[in-house]
Structure formats: structure tokens, C-alpha cells
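Structure first, then comments.
Atoms within a ligand are numbered from 1 in the order they appear, just like the ligands themselves.
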Amino acid sequence: MLLENKVAIVTGGDSGIGRAISIELAKEGAAVTVNFRHNEQAANEVRQQIEQAGGKALVVQGDVSSVADLQKLVDHTVETFGRLDIMVNNAGMETRTSTIDSTEQDFDTVIGVNLKGPFFGTQFAAKQMIKQGDGGRIINISSVHEDWPMPGNSPYCCAKGGIRMLTRNAGVELAPHGITVVGVGPGAIDTPINKETLAAPEKAAALNHAIPLGRVGEPEEVAGLVAWLASAKAAYITSSTYFIDGGIMQGSVGL
Ligand code: BGC
């Protein structure tokens with residue numbers, strides 16, 4: 001197992017990519033705090049699945065755009081499992097609104113969840129890891145859209161661009177403490193965020209066609225990369241992003 005005796009937090013661990021990450025980290029031996037905002041039942045199902053497989057899990061409610069909730073998340077984890085080794089800033093959402101159409105509320109909500117959350121999640125996790133004195137891993141779930149426009153999803157792209165620089169900046173700042181900060185940039189993955197697109201046959205076909213590997217990814221495929229990045233095997237990786245996108249960012253019609 002890659003993560004024996006490690007303790008991890010996964011924000012938005014009840015759904016989509018976060019759910020798969022929670023289960024995968026536990027499978028590799030980590031005790032996992034599964035954070036959720038709305039869906040307690042889904043979070044409890046993840047906890048049960050982990051426990052049934054012989055792992056350890058804790059469920060903590062919290063909105064990552066609230067610094068008080070993030071502090072509570074770290075505190076509960078440390079009270080329960082004694083320490084924190086791996087922070088996965090995963091929770092994310094999108095409004096699919098353009099630069100012209102986005103309201104102040106669209107912007108604030110998306111930036112709050114997708115950028116303020118990872119920023120203070122990184123800060124609180126790093127403070128705890130520095131106190132422990134033996135390093136740690138912070139993994140920010142970004143997107144191909146940290147670096148690649150998605151017309152009609154402007155606040156989301158702005159937030160992901162911010163995560164890109166959070167990963168780079170915090171990685172440099174925290175390196176002297178042995179804490180690595182790594183971004184994971186998924187492409188189109190079969191999760192609730194893409195439910196509408198995937199439910200419309202024409203849209204789904206267009207999406208699959210745009211992906212060189214010809215299909216959307218599975219949450220478990222992203223989770224496998226995250227578990228590896230969280231492990232000792234990835235000790236020399238920091239301040240950069242790993243894309244896992246079936247080649248979508250490099251898609252070319254071959255002019
Ligand atoms: C977005 C999806 C989009 C995918 C590929 C993700 O970050 O959340 O809506 O389909 O990127 O463009």
C-alpha cells in the first residue's frame with residue numbers, strides 16, 4: 001500500500017472525482033476525512049464503503065468557501081486521527097456563464113468554492129504540517145481550464161487559473177518545510193459536473209470526438225494519479241500540474 005499510516009482530507013469527497021479519491025486513498029491505507037457541503041447521505045455512503053473495506057473514515061460537513069468551516073475540517077481531522085499528511089483541495093463547481101453574462105453572485109460563488117477554498121485549505125493544512133515537522137502533500141484539483149479557455153465558463157476558468165498560481169507559489173514557499181504542492185488538471189471526466197453534456201447524445205458525441213483518446217475519463221483514473229502523487233514515490237514533484245485529459249488540450253484537426 002502506498003499510504004499506510006497517512007491521514008488525508010478530501011474536500012467535496014462525497015461526489016464525482018472527490019468520491020473516487022476518498023475511496024482510492026483509503027484503499028492505499030490512508031485514514032480519510034470525507035468533506036461534504038450538502039449531501040450528507042452521499043458522504044456517509046463513501047464512509048461506509050471505506051469502512052467495509054477495512055479502512056478508516058470520518059465525515060465532516062463544511063463549505064470550503066468559509067474559512068471557519070475549513071479550520072473546523074482540519075481541526076476535526078487532527079482531533080480524530082492525530083495528524084494531517086495529505087490535503088486534497090478538490091471541491092469545485094461551475095456556473096457555465098460567460099464574461100458578459102456572469103453576475104456578481106456567479107463570480108463570487110465560483111471564486112469562493114474553487115479558489116478561496118483551495119487557498120485557505122492550503123494555508124490551514126500547511127500550518128498543521130509545519131507544526132508536525134515532517135512534511136506533507138497538498139494536491140489541488142484544478143482542470144485543463146487552468147490554462148485553456150472554455151468559452152461560456154469564465155468565472156470557472158479564472159478560478160482554475162488562480163489555482164495554477166496557488167500551486168506554483170505555495171509549492172515554492174512550502175518547499176523548505178518538505179511540503180509539496182501539486183496540481184492535477186483533469187479534462188472531461190464522467191462526473192455530475194458533466195451530467196447534462198453526457199446525457200445529450202449529440203453533445204456527448206462532440207465531446208468524445210474532441211478527445212484524442214476518444215472518450216471521457218473515469219473518476220477512478222484521476223484518483224489513481226492523486227494517490228500516487230500523495231505517496232513517497234512522488235517526493236520530487238512540486239509546484240507543477242499533472243494533466244489527465246485523454247489528450248484534449250493537444251487535440252488538433254491536422255491542418
Ligand atoms: C469542466 C467540464 C469540462 C471539462 C473539459 C472541466 O474542468 O468542469 O465542464 O467538460 O473541463 O473541458
For [atom], what is the nearest protein heavy atom, given as residue, atom name and distance?
atom: atom 6 (C) of ligand 1; result: Tyr156 OH, 3.6 Å
atom: atom 3 (C) of ligand 1; result: Asn194 OD1, 3.7 Å
atom: atom 5 (C) of ligand 1; result: His145 NE2, 3.5 Å
atom: atom 1 (C) of ligand 1; result: Glu94 OE1, 3.4 Å

Surrounding [atom1] of [X] (heavy atoms of other residues, nucleotides or ligands, distance under 6.0 Å), is the total greater than 12?
X: Glu196; atom1: CD; result: no
X: Phe243; atom1: CZ; result: yes
X: Lys56; atom1: NZ; result: no

Practice task
For Ser143, counting its heavy atoms only, list the atoms of ligand 1 lying under 4.0 Å from any of them.
Solution key: 6 (C), 7 (O), 11 (O)

Completion exercise
Under 4.0 Å from one or more heavy atoms of Ile193, ligand 1 contributes atoms 8 (O)

Problem - Heavy-atom closest contact (Val182 atom, Thr238 atom, distance) - result: CG2-CA, 4.2 Å

Practice task
Verify the cluster assignment for Leu84 and Val67: are they in a single hydrophobic cluster under the rule of side-chain heavy atoms below 4.5 Å apart?
Solution key: yes

Handout entry: Whether His145 and Trp148 hold their rings parallel, tilted or perpendicular, with breakpoints at 30° and 60°
Key = parallel

Exercise for the section: State whether the shortest distance between N or O atoms of Arg96 and N or O atoms of ligand 1 falls below 3.5 angstrom. Expected result: yes

